[in-house]
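Just so it is clear: chains get the letters A, B, ... in the order the sequence lines come, proteins before strands, and each one is counted from 1.
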Amino acid sequence: MEACAVIGVGQTQHRARREDVSIPGLLREAATRALQDAELTWKDIEAVVIGTAPDMFEGVMMPELYLADALGAVGKPISRIHTAGSVGGSTALVASHLIHARIHRCVLTLAFEKQSESDAMWALSPTIPFQPQLTAGAGGYFAPLIRAYMRRSGAPRHIGHLVAVKDRLNGLKNPYSHLRLPDIDLARVEASPMLWDPIRHLDTCPSSDGACAMVLADAAHAKRTPRPPAWLHGGAMRSEPVMFAGRDQVNPRAGIDCAKDVYAQAGITDPRRELDVAEIYVPFSWFEPMWLENLGLCGAGEGWQLTEAGVTALDGDLPINPSGGVLCTNPIGASGMLRFAEAALQVRGMAGEHQIDGAHTALGHAYGGGSQFFAMWILGSERP
Amino acid sequence: VTRRIAVVAFAQLPNVRRDTEHEETELVQPVLNAALEQAGLTRADLGFTCSGSSDFLLGRPFSFVSALDALAPWPPASESHVEMDGAWALYEAWVRLQCGDIDSALVYAYGKSSLGDLRDVLAQQLDPYYLAPLVPDSISLAALQARALLDAGGCSERDMAEVAARSRRDAQDNPYAQLRMDCDVDQLLAREFLVAPLRKHDCPPISDGACAVVLAAEAVARRCCARPAFITGIDHRIETHALGARDLTQSPSTRIAAEHAGAFTGTFDLAELHAPFTHQEIILRKALRLGPEVAINPSGGALAANPMMVAGLARIGEAATRLSRGDGQRAIAHATSGPCLQQNLVCVLETD
């Protein structure tokens with residue numbers, strides 16, 4: 001396999017409503033920044049791989065057809081990925097396969113959501129024949145899983161709030177962050193309205209307009225790129241079924257298997273020690289401790305203890321979501337790619353105020369569906 | 001130099017005008033099982049699975065999530081999905097196989113075109129700011145393209161009717177096709193226009209269907225299949241979305257994809273072209289330089305059955321099946337997406 005590296009990263013200013021730009025305008029803001037970072041032009045891009053969550057969010061069917069012009073894809077290959085909430089991660093991985101397989105030398109990958117075009121809560125609560133209707137959006141789906149986690153692990157109720165505060169404080173150091181809550185503290189989170197017990201308003205992610213773009217390239221390109229590349233050390237996707245009684249949605253096997261796969265590819269045997277930083281998909285605060293366990297970064301039932309002890313804080317020994325994560329910025333289709341891209345910024349030493357000193361190995365993580373679709377990659381500052 | 005990957009199995013549902021009895025899981029499961037059985041593989045043998053479908057057709061988000069249950073991915077599978085025709089899912093799987101660490105992959109696609117008014121649903125693919133609000137439906141846009149081709153002298157209405165008659169006649173040998181009949185070209189031309197210059201026969205049927213393909217690297221392929229159809233080249237390209245900026249009488253993206261797929265290095269015995277409209281077959285034949293010696297759409301093509309998101313993948317499956325049973329040595333398969341052939345994929349298949 002050819003080596004693959006991230007040589008350019010770009011993202012938009014994320015906001016609740018980006019009424020100043022069209023859908024293509026939003027994507028070009030991210031893409032232009034990624035190209036500038038790589039010091040490349042549209043002509044250098046051989047293929048485009050784009051991802052977004054359900055087309056219902058913008059009301060455009062298969063928007064890659066319309067976006068071909070804005071993405072400089074005319075006369076080139078463009079593919080459109082959709083793997084639910086994990087799509088931003090899966091899209092980057094599909095793009096990396098084009099490099100690994102030596103089909104292309106330089107690929108632009110993007111993900112976006114312009115959620116202000118519709119109502120994501122509505123789009124996530126469809127009436128499906130022969131299935132019980134989910135009328136409460138994603139929070140209504142995930143709250144019972146969180147309660148099951150609390151019962152299993154004995155985690156005290158304030159753990160989620162700690163994550164809500166930590167990620168919002170991290171987000172203040174990220175100039176692209178949507179939510180900026182300088183006054184946030186535990187009392188404010190505890191006083192915010194209950195949405196889906198135990199998820200309070202400040203425990204949940206926002207609904208954002210935003211896009212993310214990355215330029216992926218082969219070793220020859222990466223060698224002559226002006227800024228440090230982030231080398232891909234491992235990438236994997238796993239999916240599990242909807243209707244299967246053997247599933248454990250609190251600690252899904254697809255996540256466990258996916259993590260084992262990327263660690264093995266990257267030669268990582270002790271991820272807690274060997275990872276310097278992780279950007280993981282935490283749309284509701286409690287998912288930080290849940291994913292710590294699922295990712296094998298601690299034992300079952302121990303995730304909340306890491307969170308409580310400050311291990312996952314910016315100055316902890318395993319910082320999680322220094323960018324502020326999904327709790328600060330959530331353009332759904334792009335949220336996974338933002339995790340992958342922030343992991344790249346960390347190992348490139350380009351994360352600015354939220355840079356973790358000496359980050360050489362980083363995990364990017366995305367999940368989707370009913371905790372059933374997983375995409376992950378491990379990036380390193382050194383070529384594998 | 002690419003790794004030799006072959007199509008070793010293909011299964012499809014009979015295409016029907018309106019399926020009212022099956023949801024997506026039930027559409028996919030039979031074709032997936034049949035394709036794996038044909039290949040003599042189990043789910044545990046698969047290194048990768050990729051599917052193609054569209055939420056808008058089904059009128060709900062995350063339709064593919066339900067379909068995945070047909071795969072019964074337990075233990076969890078390495079799996080991905082494109083919101084495109086299944087032919088692009090096959091491309092993704094082929095790329096994944098090129099990485100060299102896995103040896104087989106499953107590709108499936110499903111589509112229920114009957115659930116909404118397809119002409120209006122497809123109008124939602126258009127530029128949402130300037131074009132979609134005008135709701136130019138898919139047949140009207142195809143009619144503009146046909147008019148441009150007729151005006152440019154690229155074909156006659158009789159040429160178009162002959163494509164329709166040949167497709168539906170050939171479909172009589174395809175038990176999965178939806179429109180299977182002998183028709184007389186003069187009688188077809190005597191009919192009224194649906195959207196001038198298109199008559200009903202120039203347009204595809206509305207179809208519900210599903211299909212699945214198994215891909216395997218050479219060593220596995222030779223165990224799975226007596227005469228595997230190797231993919232010797234595959235590529236896809238897109239054109240501008242602005243219809244007014246395109247020469248609708250040509251398909252430059254098909255030509256570029258064909259060049260990259262190595263199509264022009266030899267002749268073809270047969271072609272399976274995803275041409276939903278009669279005049280589009282004529283445009284594609286020219287772009288691919290296919291002469292009268294090439295059997296075009298022996299399955300009947302999209303004019304005999306056009307399940308959205310499936311019909312492109314089915315072209316690859318149909319072409320491979322015919323090579324594997326000895327109908328020829330080299331075939332070209334094509335898939336399209338978007339209004340007026342905006343995006344095109346070309347796959348060159350060869351047997352030993």
Side-chain angles (χ1 to χ4, degrees), chain A residues 1 22-23 53-69 73-84 90 93-94 97-98 100-103 123-124 126-131 236-244 246 252-254 257-258 261 369-370 372-374, chain B residues 2-3 23 25 49 54-57 59-62 64-66 68-69 71-84 88 91-92 95-101 121-122 124-129 131-132 235-242 245 252-253 256-257 337-339 342-343:
Chain A
M1 268 194 271
S22 60
I23 297 169
D55 292 358
M56 276 76 181
F57 281 178
E58 284 82 19
V60 185
M61 179 182 183
M62 302 161 73
E64 69 281 357
L65 295 165
Y66 159 57
L67 292 167
D69 297 85
V74 172
K76 298 175 185 176
I78 179 169
S79 289
R80 155 72 193 290
I81 314 304
H82 178 16
T83 61
S90 313
L93 291 174
V94 171
H97 296 155
L98 288 167
H100 281 321
R102 297 187 177 88
I103 309 293
L124 289 168
T127 307
I128 302 166
F130 314 113
Q131 287 185 26
M237 301 183 233
R238 286 294 184 283
S239 312
E240 63 182 56
V242 184
M243 303 289 185
F244 173 52
R253 179 156 174 199
D257 290 2
C258 192
D261 191 349
Q372 66 197 116
F373 296 100
F374 290 83
Chain B
T2 56
R3 194 177 180 209
E23 46 106 76
T25 319
T49 299
S54 163
D55 281 348
F56 259 63
L57 279 185
R60 53 164 292 203
F62 305 117
F64 69 92
V65 176
S66 302
L68 180 64
D69 276 11
L71 180 68
W74 196 266
S78 177
E79 186 268 346
S80 178
H81 170 260
V82 295
E83 192 81 356
M84 308 176 85
W88 278 265
Y91 180 79
E92 186 180 324
V95 171
R96 184 67 192 81
L97 283 158
Q98 291 302 324
C99 294
D101 57 329
V121 171
L122 291 176
Q124 301 304 309
Q125 288 181 334
L126 304 169
D127 174 345
Y129 300 100
L131 201 49
D235 193 82
H236 62 95
R237 302 281 154 164
I238 198 165
E239 292 172 37
T240 174
H241 186 67
S253 58
I256 302 170
S337 178
Q342 189 195 344
Q343 188 177 21

With a 4.5 angstrom heavy-atom cut-off, could you sort out which part of A:Ile103 is near chain B: side chain, backbone, both or neither? side chain
Enter the distance from B:Ser80:OG to A:Phe373:CZ here, rounded to the nearest 0.5 Å. 10.0 Å
For the side chain of B:Gln343 and the backbone of A:Ile78, is there at least one donor-acceptor N/O pair under 3.5 Å apart? yes
Please check: side-chain N/O of B:Tyr129 versus main-chain N/O of A:Ile23, any donor-acceptor pairing under 3.5 Å? yes
Interface residue of largest heavy-atom contact number with chain A, from B:Pro75, B:Ala245, B:Ala257, B:Ala132, under 4.5 Å: B:Pro75
Gap between atom CD of B:Gln342 and atom CD of A:Glu64 - 0.5 Å precision: 9.0 Å
Nearest atoms (heavy-atom pairs only) where B:Asp69 meets A:Val242: OD1-N, 2.6 Å
Are the side chains of A:Ser79 and B:Glu92 in contact, using a 4.5 Å heavy-atom criterion? no
Pairwise distance CD(B:Glu83) to CE(A:Met61) - rounded to 0.5 angstrom: 8.0 Å
Which heavy atom in B:Pro73 sits nearest to a heavy atom in A:Pro241, and how many Å separate them? O-CD, 3.3 Å
Heavy-atom pair of closest approach, residues A:Glu240 and B:Trp74: OE1-CZ3, 3.7 Å
A:Asp69 side chain to B:His241 backbone, donor-acceptor under 3.5 Å: yes
Under 4.5 Å, counting heavy-atom pairs only, tell me which of A:Ala53, A:Ala254, A:Gly370, A:Gly75 racks up the most with chain B. A:Gly75
Which atoms of B:Ser337 approach chain A - backbone, side chain, both or neither, heavy atom under 4.5 Å: both
How long is the span from the CG atom in A:Leu65 to the CG atom in B:Leu126, to the nearest 0.5 Å? 9.0 Å
What pair of heavy atoms forms the shortest contact from B:Pro76 to A:Arg238, and how long is it? O-CD, 3.7 Å
Of the backbone (N, CA, C, O) and the side chain (C-beta and beyond), which part of B:Ala242 lies under 4.5 Å from a heavy atom of chain A, both, or neither? backbone
Counting heavy-atom pairs under 4.5 angstrom with chain B, the leader among A:Glu58, A:Met56, A:Met1 is A:Met56
Atom CZ of B:Phe62 and atom NE2 of A:His82: how far apart are they, to the nearest 0.5 Å? 5.5 Å
Does any backbone or side-chain atom of A:Val60 lie under 4.5 Å from a heavy atom of chain B? Answer side chain, backbone, both or neither. both
If you count heavy-atom pairs under 4.5 Å with chain A, which of B:Ser78, B:Ala77, B:Pro339 comes out on top? B:Ala77
Only pairs of heavy atoms separated by less than 4.5 Å count here; which of A:Arg102, A:Lys76, A:Gln372 has the most with chain B? A:Lys76
With a 4.5 angstrom heavy-atom cut-off, is it the side chain or the backbone of B:Ile238 that approaches chain A, or both, or neither? both
Pair count under 4.5 Å, heavy atoms only, with chain B: among A:Pro54, A:Ser239, A:Ala84, A:Gly246, highest is A:Ser239
Side chain from CB out, backbone as N, CA, C, O: work out which of these in B:Ser253 comes under 4.5 Å of a heavy atom of chain A, or both, or neither. neither
Is B:Glu79 close to chain A through its backbone or its side chain, or both, or neither, when contacts mean heavy atoms under 4.5 Å? both
Could you tell me which non-hydrogen atom of B:Phe56 sits nearest to which non-hydrogen atom of A:Asp55, and how far apart they are? CE1-CB, 3.4 Å
A:Met237 CE to B:His81 NE2 distance, which is reported to the nearest 0.5 Å: 13.0 Å
